[in-house]
Q: 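First the structure, which I've put down as C-alpha cells, then a few questions once you've had a look.
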Amino acid sequence: MLSYGGLFTAVCALASSAAALAPLEVQGKDFINSKTKDRFQILGVDYQPGGESGFSSKKDPLSQPKQCLRDAALMQRLGINTIRVYNLEPTLNHNECASIFNAAGIYMILDVNSPFETGSLDRAKPWNSYNAGYYKQVFGVIEAFKNFDNVLGFFAGNEVVNEKATFSAPKYVRAVVRDMKDYIKKNAKRSIPVGYSAADIRDILMDTAHYFECNLKNSTTSSADFFGVNSYSWCGDSSYKKSGYNVLTEDFSNATVPVFFSEYGCNEVTPRKWTEVQALYGEEMTQAFSGGLVYEWTYESNKYGLVEVKDDKVTLLQDFANLQEQFGKLDMDRIMKSNASQTSVKAEDCSASRITDKTFYNAWDLPKAPSKVSDYIESGLPSAPSGSWVKVSSTTIPDDVYDHNDKKVENVQFKVTSGTEPNSPSSGSGTSSSSGSSETTSNAASVNGAPLAMGGLGGLFMLVASLL
C-alpha cells in the first residue's frame with residue numbers, strides 16, 4: 001500500500017479554474033446558488049472527528065486528507081451537502097480536504113474561534129480578549145479558506161451569549177462580525193457570509209437574533225448574514241408541537257436573514273429515529289428555516305455520532321441508517337425551489353424597541369477595532385498562508401466499512417461530482433452496500449473538467465486515487 005504522503009505528485013504550474021460548487025449568496029432569508037439561482041437548504045452534519053483530541057496545533061479536522069476522503073465518501077452516501085467545523089488551526093495545510101469536500105459536492109461552514117488561550121473571546125470580560133492576538137486566529141482562518149468557493153460562510157461566535165451575565169459580550173461579537181466582513185471585503189475575491197450560532201435558550205434567543213440581524217446605521221457591516229440555532233428539543237418520538245418546533249417556526253417566520261439549526265439531534269432516546277427531519281424540511285418550517293446540521297459525525301465520549309471509528313474499522317451506526325432513511329423521504333425539488341417572498345425581505349433598523357429585555361442591549365456603540373487589527377484589515381494578515389485548490393480523482397477509500405449489523409460494506413467509493421449541483425440524498429451514491437460497485441473514472445478528474453492550481457507551492461498537485 002502506498003503511503004498517503006506519496007499520493008501527491010508535483011506537475012507543471014497551471015492557472016486555477018472554477019470549482020465544481022458555485023458559491024452561495026445570501027438573498028433575504030435564503031441561501032441562493034449564485035449560478036443556478038436555486039434556493040439552498042442545508043442537509044448537514046457537525047464535523048469534529050476525534051473531539052478534543054482531534055484538534056491541536058499540529059492537526060485539525062481539515063488537515064487530514066485520508067480521513068476527509070473517507071468521510072466525504074460516506075457523506076455522499078448519506079446525502080450530506082454541508083459540514084460545520086468548529087476548531088481549525090489556520091497555519092496548517094487544508095488544501096486537500098477543502099478540495100475533497102468540494103469535489104464531493106459538500107459546502108463548509110467554519111467557526112473562526114479555537115480553544116487555545118488567544119483563540120476566542122472571553123464572554124465574561126470580552127474587552128480583555130478583543131485584541132490583535134485574537135485576530136491572528138480569526139483572520140488566519142479566513143485567509144486559509146477564502147479562496148475555496150465551497151465555503152458557505154464563517155461563524156464569528158458560538159453560544160457566546162448564553163446568560164444575562166454575558167450581556168456585555170454581544171457588542172463585541174457584533175464587532176467581530178463587522179471586522180470579519182470588512183477583512184473579507186478588502187482581502188477576498190468574493191463576499192463570504194458571516195454569522196452567529198446561538199443556543200436555544202428561550203428567554204434570550206429572540207433578543208439575540210434581533211440584535212444580530214438588524215441594521216446598525218453607524219456600522220453597516222456589523223449585522224450577521226445568517227443565524228444558527230443549536231436546538232435539542234425534539235427527543236425520540238416527539239412532535240412538531242411537543243418539541244416546540246412550532247414556536248421556533250413562528251418566532252423566525254419574520255427573520256430577515258437565513259436561519260438554520262446549527263446543531264440538532266437529541267440523544268436522550270437512542271438510537272435516534274430522526275423523525276424531526278420531516279418537520280424541519282416540511283412546508284411549514286422551510287418558510288422560516290434553511291435546514292440544519294446534525295450533531296455530530298463521529299461517535300465520541302458524549303455519545304452522539306453517526307459513525308464510529310476504531311483504528312482502521314469504520315462502522316455506520318444505527319443513527320446513520322435511520323438518518324439516511326429520513327433524508328430519502330425528502331422532496332428535494334420542493335425544498336430547493338426559490339421563493340421570491342423569501343429573497344425580497346429586508347432587515348429592519350436596530351432599535352431598543354426590538355429587544356424585549358430592556359437591560360439586554362441598550363448600548364449600540366460597538367468597540368472600535370484595535371489599530372493593529374485595522375492594519376490587518378487594510379493590508380492583510382502578514383505571513384498568513386492562503387489556501388488553494390488541488391486536483392482530486394475518484395477513489396476507493398482504504399478503510400474497512402461496516403454497517404450497524406457488522407456486515408462489511410463493499411466497494412466504498414468516493415465520487416468526483418461535476419457541474420454546480422451540491423450533493424443530495426438523491427444524487428449521493430458514492431458508496432455501495434452490496435457486492436456491486438459504483439462507477440468511477442480511472443483518470444484523475446478535475447473540477448469542471450479543468451485543472452486546479454495549488455498556490456504557494458508553485459505547481460499543481462494531483463491527488464492520485466490508488467490507495468490499494
Side-chain angles (χ1 to χ4, degrees), residues 13 15-16 18-19 23 25-26 57 60 62-63 85 87-95 98-99 108-114 116-122 126-157 171-196 216-225 365-390 452-459:
S16 64
E25 300 173 346
V26 171
S57 61
D60 66 27
L62 297 182
S63 67
V85 184
N87 298 322
L88 291 162
E89 169 50 54
T91 62
L92 298 176
N93 188 327
H94 303 101
N95 296 336
S99 299
M108 304 183 297
I109 302 174
L110 309 174
D111 288 64
V112 298
N113 296 282
S114 85
F116 292 151
E117 183 177 355
T118 60
S120 61
L121 287 177
D122 178 350
W127 51 88
N128 287 341
S129 49
Y130 182 71
N131 53 43
Y134 169 59
Y135 274 96
K136 288 182 179 180
Q137 167 69 27
V138 174
F139 293 160
V141 172
I142 294 175
E143 279 294 333
F145 291 95
K146 68 182 184 180
N147 295 327
F148 298 116
D149 289 345
N150 63 324
V151 172
L152 186 157
F154 297 105
F155 271 131
K171 66 179 183 180
Y172 282 89
V173 180
R174 185 154 175 151
V176 174
V177 173
R178 174 201 65 201
D179 299 339
M180 289 175 63
K181 290 171 70 171
D182 288 348
Y183 188 93
I184 290 168
K185 183 177 181 179
K186 187 72 176 180
N187 297 284
K189 65 180 181 180
R190 67 178 176 96
S191 177
I192 305 173
V194 177
Y196 176 76
L216 191 56
K217 291 182 178 179
N218 63 354
S219 182
T220 56
T221 61
S222 65
S223 59
D225 297 316
D365 54 326
L366 305 186
K368 293 183 179 179
S371 58
K372 199 167 186 179
V373 174
S374 297
D375 292 341
Y376 293 161
I377 293 172
E378 183 64 27
S379 304
L381 185 66
S383 304
S386 293
S388 53
W389 302 111
V390 297
L452 299 172
M454 183 174 181
L457 296 181

Q: Going by side-chain contact (heavy atoms from CB on, under 4.5 Å), P193 matches just one of D225, V151, I109. Which one?
A: D225
Q: Between N95 and G387, which heavy-atom pair has the shortest distance, and what is it?
A: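 For N95 and G387, the tightest heavy-atom pair comes out as OD1-CA, 3.1 Å.
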Q: Closest approach of R178 and A369, non-hydrogen atoms and distance?
A: NH2-N, 3.4 Å
Q: Got a second to check how far N187's CG is from L381's CG, nearest 0.5 Å?
A: 9.0 Å
Q: Do H94 and V141 make a side-chain contact, defined as non-hydrogen atoms from C-beta onward lying under 4.5 Å apart?
A: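 Side chain of H94 against side chain of V141, heavy atoms only: no contact under 4.5 Å found.
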Q: Answer yes or no: is there a side-chain heavy-atom contact under 4.5 Å between E89 and S114?
A: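 A side-chain contact is absent here, since even the closest heavy-atom pair is not under 4.5 Å.
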Q: Would you check if the side chain of K181 reaches a backbone N or O of S223 as a donor-acceptor pair within less than 3.5 Å?
A: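 Checked: pair present.
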Q: Which atom pair, heavy atoms only, marks the closest approach of D122 to S129?
A: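 What the structure gives for the nearest pair is N-OG, 2.8 Å.
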Q: What verdict does the side chain to side chain contact (heavy atoms under 4.5 Å, CB included) test give for V373 and Y183, after you've listed the backbone C-alpha separation in whole Å, the side-chain angles of each residue and the deciding distance to 0.1 Å?
A: CA-CA 10 Å; V373 174; Y183 188 93; over 6 Å; no
Q: Any idea which heavy atoms bring L92 and S57 closest together, and the distance?
A: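 Shortest heavy-atom contact: CD2-O, 3.7 Å.
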Q: Using modelled atom types and a 3.5 Å cut-off, is there a donor and acceptor pairing between side-chain atoms of D111 and backbone atoms of A156?
A: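 Checking the backbone N and O of A156 against the side chain of D111, no donor-acceptor pair under 3.5 Å is found.
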Q: Where is the tightest heavy-atom contact between K186 and I377, given as atom of each residue plus distance?
A: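 Closest approach of K186 to I377, heavy atoms only: CG-O, 3.1 Å.
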Q: Would you say the side-chain atoms of Y376 pair up with the backbone N or O of A132, donor to acceptor, closer than 3.5 Å?
A: no
Q: In terms of the angle between their ring planes, are W389 and F148 parallel, tilted or perpendicular, with boundaries placed at 30° and 60°?
A: perpendicular
Q: Do you know the tightest heavy-atom contact between V176 and Y135?
A: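 Heavy atoms only, the tightest pair is CA-OH, 3.4 Å.
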Q: Could you check if a side-chain atom of V138 sits within less than 4.5 angstrom of a side-chain atom of F154, using non-hydrogen atoms only?
A: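 Heavy-atom side-chain distance check fails, nothing below 4.5 Å.
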Q: Are the side chain of N93 and the backbone N or O of S63 linked by a donor-acceptor pair below 3.5 Å?
A: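 A pair under 3.5 Å: no.
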Q: Looking at CD1 of I184 and CG of D179, how far apart are the two atoms once the value is rounded to the nearest 0.5 Å?
A: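 Answer for the CD1-CG pair, I184 versus D179, is 11.0 Å.
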Q: Out of curiosity, K372 NZ to K136 NZ, how far, rounded to the nearest 0.5 Å?
A: 5.5 Å
Q: Given side chains that start at C-beta, do those of F145 and L88 come closer than 4.5 Å, heavy atoms only?
A: yes
Q: Please walk me through it: do M180 and I142 pass side chain to side chain contact (heavy atoms under 4.5 Å, CB included)?
A: CA-CA 8 Å; M180 289 175 63; I142 294 175; 4.1 Å; yes
Q: What I'd like to find out is whether the side chain of K146 reaches to under 4.5 Å of the side chain of K189, using heavy atoms alone.
A: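 No, every pair of side-chain atoms sits at 4.5 Å or beyond.
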Q: Please check: side-chain N/O of S99 versus main-chain N/O of V390, any donor-acceptor pairing under 3.5 Å?
A: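 Indeed, once roles are kept as given, a pair shorter than 3.5 Å links the two residues.
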Q: Is there a side chain to side chain contact (heavy atoms under 4.5 Å, CB included) between N218 and L216 once you walk through the steps?
A: CA-CA 6 Å; N218 63 354; L216 191 56; 3.2 Å; yes
Q: Could you check whether T221 and D182, counting side-chain N and O atoms only, form a donor-acceptor pair closer than 3.5 Å?
A: yes
Q: Under 4.5 Å between any side-chain heavy atoms of K185 and S191, yes or no?
A: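 Counting from C-beta outward, K185 and S191 never come under 4.5 Å.
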Q: Flag the pair N87 / D60 as yes when at least one side-chain heavy-atom distance between them is below 4.5 Å, and no otherwise.
A: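 Answer no - side chains too far apart.
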Q: Should L62 and M108 count as side-chain neighbours, where that means a heavy-atom distance under 4.5 Å?
A: yes
